[in-house]
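Notes to accompany the following structure.
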Amino acid sequence: NDVLSLRGIEKRYNRGTPAEITVLRGVDLRIARGEVVALVAPSGAGKSTLLHVAGLLDTPDAGQVVLGGQDLTGASDRRRTAARRMDLGFVYQFHHLLPEFTAAENIVLPQLANAVPAAQAEARAAALLDRVGLAARANHRPAALSGGEQQRVAFCRALANGPQLLLADEPTGNLDPATSDQVFGVLMELVRETGLSALIATHNLDLARRMDRVLRLDAGRLA
Ligand code: ADP
Ligand code: ADP
């Protein structure tokens, strides 16, 4: 009962040119329901490429991507976009919140894009913000929030549509160590409470050790 299954994933850039580079050379990865997996890799090892393939943002040159039991390897853009919206949550090093909208609105908007009724979307945004300790910040715009607060709002946004799998790329990499530790704790609590599966890339080995399993990406393969 895997939430994500990657089989034999290969990815090259600049194919057929002198600049061709093979980033992934046969990556196999299975994430079970409720499992939280750390992805550790030196910069340039292909961590973002792997997250983009798993997140249906990029297509591999070979291999299979199965999400929630559906083989989406050769699926149309429409199906991939639908799967991204319904089943996946994304978090990045930088929050990428919309600056003109409040914290609450940033969590409401992706739900409206999924045809959730406004009142229900607003209630969910309020509950999520309350859960991460930001009820009093609901009507602030991102610029008025601290880095740790912005990242907590980004977590709420990623979970707004109740995804099956969270994909996170250095989710606390832009924060100072103490804030990073605290904010990462909030993320882990949210993930555990919702029974969500997660693939979380991090350079921080202390954070990686708090997950169920640690995978290292090295020379295009996982170990
Ligand atoms: P990481 O996230 O581990 O730092 P990336 O997945 O971003 O690594 O990149 C892995 C390698 O692929 C790097 O050498 C990078 O320069 C190269 N690369 C990434 N994206 C592209 C692209 N769109 N075109 C060409 N090369 C790329
Ligand atoms: P929408 O049109 O509603 O923004 P998308 O299909 O563009 O829907 O995005 C679906 C999900 O994929 C969103 O969570 C978005 O953050 C993420 N996403 C889309 N494009 C990219 C990208 N190029 N890099 C990273 N994440 C992306």
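In terms of heavy atoms, Arg33 sits closest to Ser197 at CA-OG, 3.5 Å. Nearest heavy atoms, Gly8 versus Asp28: N-OD1, 2.7 Å. Heavy-atom minimum distance, Ala45 versus Leu217: O-CD2, 3.5 Å. Of all the heavy atoms in Ala198 and Val191, the pair that sits closest is CB-CG1, 4.4 Å. Heavy-atom minimum distance, Leu4 versus Ala54: CD2-CB, 4.0 Å. The shortest non-hydrogen separation linking Leu128 to Ala160 is CD1-CA, 4.0 Å.
Cluster annotation: Leu51 and Phe155 are assigned to distinct hydrophobic clusters (Ile/Leu/Val/Met/Phe/Trp/Tyr, side-chain heavy-atom contacts under 4.5 Å, transitive). There is no path of hydrophobic side-chain contacts, each under 4.5 Å, that joins Val36 to Leu67. Cluster annotation: Ile21 is connected to Ile9 through the hydrophobic network of ILVMFWY side chains, with a link wherever side-chain heavy atoms come within less than 4.5 Å. In this structure, Val66 is not a member of the same hydrophobic cluster as Leu56, with clusters built from ILVMFWY side-chain heavy atoms closer than 4.5 Å. Put simply, Leu97 and Leu88 are part of two different groups of oily side chains (I, L, V, M, F, W, Y) that touch within less than 4.5 Å, one to the next.
We find the CG-CE distance between Leu196 and Met188 to be 10.5 Å, quoted to the nearest 0.5 Å. Taken to the nearest 0.5 Å, the CG atom of Leu199 stands 9.5 Å off from the CZ atom of Arg213. For the atom pair Ile31 CD1 and Gln164 CD, the distance stands at 12.0 Å (nearest 0.5 Å). For the atom pair CG (Leu57) and OG1 (Thr49), the distance works out to 11.5 Å, reported to the nearest 0.5 Å. To the nearest 0.5 Å, atom CE of residue Met211 and atom CZ of residue Phe184 are 3.5 Å apart. The distance from atom OG1 of Thr172 to atom CG of Leu187, rounded to the nearest 0.5 Å, is 8.5 Å.
Side-chain N or O atoms of Glu20 include one that pairs as donor or acceptor with a backbone N or O of Gly16 at under 3.5 Å. Side-chain N or O atoms of Arg221 include one that pairs as donor or acceptor with a backbone N or O of Arg25 at under 3.5 Å. Within the 3.5 Å criterion, the main-chain N or O of His95 finds no donor-acceptor partner in the side chain of Gln150. Asp169 places no side-chain N or O within donor-acceptor distance of the main-chain N or O of Ser48, the cut-off being under 3.5 Å. Using a distance-only test at 3.5 Å, with no hydrogens or angles considered, no donor-acceptor pair links the side chain of Lys11 to the main chain of Ala62. With hydrogens and angles disregarded, a donor-acceptor distance shorter than 3.5 Å links the side chain of Asn106 to the backbone of Phe101. Side-chain N or O atoms of Gln111 include one that pairs as donor or acceptor with a backbone N or O of Ile107 at under 3.5 Å. For the pair Thr102 (side chain) and His140 (backbone), a donor-acceptor distance under 3.5 Å is absent.
Checking Asn204 against Thr202 by side-chain atom types alone, no donor-acceptor pair falls below 3.5 Å.
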**OP:** Apply the test side-chain contact (heavy atoms from CB on, under 4.5 Å) to residues Ile200 and Leu207: give CA-CA distance (whole Å), side-chain angles for both, the deciding distance (0.1 Å), then the verdict.
**Re:** CA-CA 10 Å; Ile200 303 179; Leu207 298 186; over 6 Å; no
Subject >> Arg131 vs Val186, side-chain contact (heavy atoms from CB on, under 4.5 Å): CA-CA, chis, key distance, verdict >> reply: CA-CA 9 Å; Arg131 178 62 195 81; Val186 171; 5.7 Å; no
Original post:
For Asp71 and Gln64, what are the C-alpha separation, side-chain angles and deciding distance, and is it a side-chain contact (heavy atoms from CB on, under 4.5 Å)?
Top reply: CA-CA 7 Å; Asp71 186 344; Gln64 196 182 31; 2.8 Å; yes
Original post:
Step by step, would you call Leu98 with Glu105 a side-chain contact (heavy atoms from CB on, under 4.5 Å)?
Top reply: CA-CA 9 Å; Leu98 297 171; Glu105 287 165 346; over 6 Å; no
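Side chains of Val53 and Val27 form no contact here, defined as non-hydrogen atoms less than 4.5 Å apart. No side-chain heavy atom of Val37 sits less than 4.5 Å from a side-chain heavy atom of Asp212. With contacts defined as side-chain heavy-atom distances shorter than 4.5 Å, the pair Leu24/Glu10 does not qualify. Between Arg152 and Arg137 the shortest side-chain heavy-atom distance does not fall below 4.5 Å. For the pair Val132/Glu189, no side-chain contact is recorded, criterion being any heavy-atom separation below 4.5 Å from C-beta on.
Qualifying side chain to side chain contact (heavy atoms under 4.5 Å, CB included) partners for Thr17, counting only residues two or more places apart in sequence or in other chains: Asn14, Ala19. Here Arg80 pairs with nothing under the side-chain hydrogen bond (donor to acceptor under 3.5 Å, both in side chains) rule; sequence neighbours left out. When the side-chain hydrogen bond (donor to acceptor under 3.5 Å, both in side chains) test is applied to Glu170, the partners found at least two apart in sequence or on another chain are His203. Scored by the side-chain hydrogen bond (donor to acceptor under 3.5 Å, both in side chains) test, Asn161 finds Asn114 as partners (sequence neighbours excluded). Partners of Ala223 by side chain to side chain contact (heavy atoms under 4.5 Å, CB included), not counting sequence neighbours: none found.
Salt bridge absent: Arg30 and Glu35 never bring a charged side-chain N and a carboxylate O closer than 4.0 Å. Checked for salt-bridge contact, Arg84 and Asp77 miss the test: no charged N lies under 4.0 Å from a carboxylate O. Checked for salt-bridge contact, Asp181 and Arg210 meet the test: a charged N lies under 4.0 Å from a carboxylate O.
Val214 belongs to a hydrophobic cluster whose other members, connected by ILVMFWY side-chain contacts under 4.5 Å either directly or through intermediates, are Val40, Leu205.
Ring-plane geometry between Tyr92 and Phe90 is classed as parallel, the angle between the planes falling under 30 degrees on a 0 to 90 degree scale with a further cut at 60.
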